[in-house]
2 protein chains.
Amino acid sequence: MTSNINCNTCIIKSSAAKELNSEQLSALGKNCVQIFFKKGDVIFKEGTFSVNITYLREGVVKLHTEGKSSQILKITKGPGYLGIPTTFEEKINHYSATALEDCNICFIHTNIFKSFIEENKKFAYEIIVELCNSELELFQKCVSRTKNNIYGRLSHALLFFSEKIYKTDNFNLPLSREELGNFINTTRESVSRVLAELDSKKIIQIKGRQLKILKPEALKELSDV
Amino acid sequence: MTSNINCNTCIIKSSAAKELNSEQLSALGKNCVQIFFKKGDVIFKEGTFSVNITYLREGVVKLHTEGKSSQILKITKGPGYLGIPTTFEEKINHYSATALEDCNICFIHTNIFKSFIEENKKFAYEIIVELCNSELELFQKCVSRTKNNIYGRLSHALLFFSEKIYKTDNFNLPLSREELGNFINTTRESVSRVLAELDSKKIIQIKGRQLKILKPEALKELSDV
DNA sequence: ATTAAAAAATGATACATATCACACAATATG
DNA sequence: CATATTGTGTGATATGTATCATTTTTTAAT
């Protein structure tokens with residue numbers, strides 16, 4: 001399902017788009033379509049040519065590499081941009097994006113995005129802020145991925161879903177055991193085992209993908225070394 | 001050793017600074033000092049308050065976390081910016097920087113840097129390009145750090161030094177065994193062992209820090225899975 | 001030079017985690 | 001509904017790498 005949109009009246013603008021004047025917003029609306037993706041849908045694929053900046057209005061998306069040793073690089077909840085780095089200068093997507101929950105995504109022509117950067121200082125400024133934050137986040141992730149053991153990494157991931165994505169301690173995991181493994185760099189078997197152990201210790205309660213976090217403090221302790 | 005500089009005549013400007021007009025370059029010169037760092041000197045330290053954007057004119061720098069499980073996040077050769085993400089919005093350095101070779105570094109007031117972004121679209125544009133590239137690089141690193149084994153990661157690191165930093169296959173390693181371990185996420189013992197084995201297989205020749213790469217193809221093969 | 005201190009090499013062992021194998025459950029497909 | 005397909009749990013085993021212990025080499029200090 002795709003629909004044209006009116007960016008002037010949009011209430012989930014990015015910090016950058018908030019800096020655009022009404023004329024620019026109209027131009028944006030003409031160079032932008034909103035597309036709905038169902039949970040599980042592929043949004044864009046590693047290796048393909050990219051001509052749009054994608055703005056995740058609402059929903060949850062994973063950015064990941066393909067292949068047998070597929071790796072989940074980032075899971076992000078809207079609103080926010082997906083993969084500016086990939087689209088901006090180079091034109092090939094360096095990773096894939098898949099919807100983990102139903103999503104509404106705006107596809108913005110790279111050209112108009114670039115023209116805003118060149119026309120509007122404040123817009124550019126906000127994009128820079130966004131990129132800086134996202135790079136710092138990546139550094140964090142890079143560090144935590146390698147200095148925690150599986151218990152720590154999995155605990156961290158569960159807290160991430162609970163606190164950052166679903167904002168509740170009782171939710172359905174958006175990933176299979178195998179995908180969880182790809183997210184925290186381990187195998188599906190190890191994920192199963194650790195989940196089972198956390199369950200038996202009454203730190204969590206897990207049944208299939210249904211997760212209830214009983215002792216968030218215990219997870220917190222496991223996850224920070 | 002610190003000296004004022006004339007940015008108008010500087011010949012190792014960043015792509016961004018190339019977009020500045022002569023008036024802006026004069027302003028830059030007044031808000032900027034160049035400082036020389038000897039090999040081993042600390043440039044800035046994790047946790048400290050940062051008020052400058054740092055531009056590495058020449059030399060080699062490592063960005064790293066502190067503490068017993070210190071981790072080297074990135075090794076970079078000038079010219080190029082160091083740690084814009086840290087300095088830009090937030091004001092606390094998220095990691096430390098140390099010179100691996102003698103360096104000349106410009107310390108630029110964050111304020112003038114920001115004002116250029118707001119005054120000069122092309123400057124902002126180039127900074128965005130820079131940030132995008134650096135984020136993509138980080139993604140790469142994140143992936144390769146976790147899907148290669150120690151042989152692969154070390155081979156990759158050796159090729160990195162040879163190809164990207166020193167541009168020769170015969171050079172002195174800028175890192176101790178322990179630091180190499182921090183760079184590729186392993187222990188000093190494992191680094192020793194793998195270096196010894198690569199040496200015994202005549203893929204490299206290592207004596208102390210003196211490294212000669214005999215079979216770069218063999219390293220290449222080991223490093224890409 | 002002589003000694004002290006730090007860095008590196010190397011062997012033995014321990015341990016976390018991957019891999020393999022299979023049973024079982026859940027979900028899709030005709 | 002039966003059957004295939006995919007996902008999951010769990011035990012047994014293998015393996016890479018960390019850790020510990022000791023020796024050797026290199027570097028720095030007196």
Side-chain angles (χ1 to χ4, degrees), chain A residues 38-41 62 67-72 98 100 144-158 172-201 203-211 222-223 225, chain B residues 38-40 62 67-72 98 100 144-158 172-201 203-212 222-223 225:
Chain A
K38 267 216 308 291
K39 186 171 178 159
D41 286 351
K62 67 168 174 175
K68 79 172 163 51
S69 66
S70 152
Q71 207 171 119
I72 297 178
T98 304
L100 291 182
S144 86
R145 254 201 187 183
T146 42
K147 82 177 175 202
N148 280 147
N149 62 13
I150 296 188
Y151 286 79
R153 302 204 301 275
L154 187 55
S155 300
H156 189 85
L158 299 182
N172 284 313
L173 283 169
L175 302 177
S176 69
R177 302 296 189 263
E178 174 135 37
E179 288 172 312
L180 264 175
N182 294 337
F183 188 39
I184 63 166
N185 278 299
T186 185
T187 57
R188 82 194 158 74
E189 293 96 326
S190 291
V191 170
S192 282
R193 266 185 265 269
V194 173
L195 284 176
E197 192 173 334
L198 293 175
D199 184 284
S200 83
K201 284 185 175 164
I203 292 173
I204 64 173
Q205 203 172 291
I206 182 120
K207 176 121 204 311
R209 289 191 177 202
Q210 259 175 65
L211 177 74
L222 280 168
S223 66
V225 179
Chain B
K38 266 216 308 293
K39 188 172 175 155
K62 66 168 174 176
K68 81 171 161 51
S69 65
S70 153
Q71 207 170 120
I72 296 178
T98 303
L100 290 182
S144 87
R145 253 200 186 183
T146 42
K147 83 175 175 206
N148 280 148
N149 63 12
I150 296 188
Y151 287 79
R153 303 205 299 275
L154 187 56
S155 299
H156 188 85
L158 299 183
N172 284 313
L173 283 169
L175 302 177
S176 69
R177 302 295 189 266
E178 173 134 38
E179 289 172 311
L180 265 175
N182 294 337
F183 188 38
I184 63 166
N185 278 299
T186 185
T187 56
R188 77 197 153 73
E189 292 96 328
S190 290
V191 171
S192 282
R193 266 185 268 268
V194 173
L195 285 176
E197 192 172 335
L198 293 176
D199 183 283
S200 82
K201 283 184 176 163
I203 293 173
I204 63 173
Q205 202 172 293
I206 182 118
K207 175 121 203 314
R209 289 192 177 199
Q210 260 176 64
L211 176 73
K212 189 169 183 178
L222 280 167
S223 67
V225 178

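Order of the sequence lines fixes the chain letters, A, B, ..., with proteins taken first and strands second; residue numbering starts at 1 for each chain. The model shown is predicted, which means the values in this text are computed figures rather than measured ones.
Protein chain A touches strand DNA chain C; the 5'-most and 3'-most nucleotides with an atom under 4.0 angstrom of its non-hydrogen atoms are C:dT17 to C:dC20.
Residue A:I204 holds its CD1 atom at 8.5 Å from OG of A:S155, rounded to the nearest 0.5 Å. Here B:N149 contributes atom CG and B:S223 contributes atom OG; the two are 10.5 Å apart, rounded to the nearest 0.5 Å.
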For this session: Determine, for nucleotides 9-20 of chain D in 5'-to-3' order, which nucleotides have protein heavy atoms under 4.0 Å from the base (write B), from only the sugar-phosphate (write S), or from neither (write -).
Result: BBBB----SSBB
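For B:K207 and D:dT25, the shortest distance from a side-chain N or O to OP1 or OP2 is not below 4.0 Å.
Judged as a side-chain contact (heavy atoms from CB on, under 4.5 Å), and not counting sequence neighbours, the contacts of B:N172 are B:Q210. Listed by chain and residue number, A:K62 satisfy the salt bridge (Lys or Arg N to Asp or Glu O under 4.0 Å) test with A:E179 (two or more places apart in sequence, or in another chain). With sequence neighbours excluded, no residue satisfies side-chain hydrogen bond (donor to acceptor under 3.5 Å, both in side chains) with A:S192. Residues forming a salt bridge (Lys or Arg N to Asp or Glu O under 4.0 Å) with B:K38 (at least two apart in sequence, or on another chain): none. With sequence neighbours excluded, the residues that form a side-chain contact (heavy atoms from CB on, under 4.5 Å) with A:N185 are A:Q71, A:R145, A:R153, B:T146. With sequence neighbours excluded, the residues satisfying side-chain hydrogen bond (donor to acceptor under 3.5 Å, both in side chains) with B:T187 are B:S190. Residues satisfying the salt bridge (Lys or Arg N to Asp or Glu O under 4.0 Å) criterion with A:E197, sequence neighbours excluded, are A:K201.
Between the two ends of the helix from C:dA1-D:dT30 to C:dG30-D:dC1, each summarised by a five-pair axis, the helix axis turns through 50° (rounded to 10 degrees).
Residues A:R177 and A:I206 approach most closely at NH2-CG1, 3.8 Å, considering heavy atoms.
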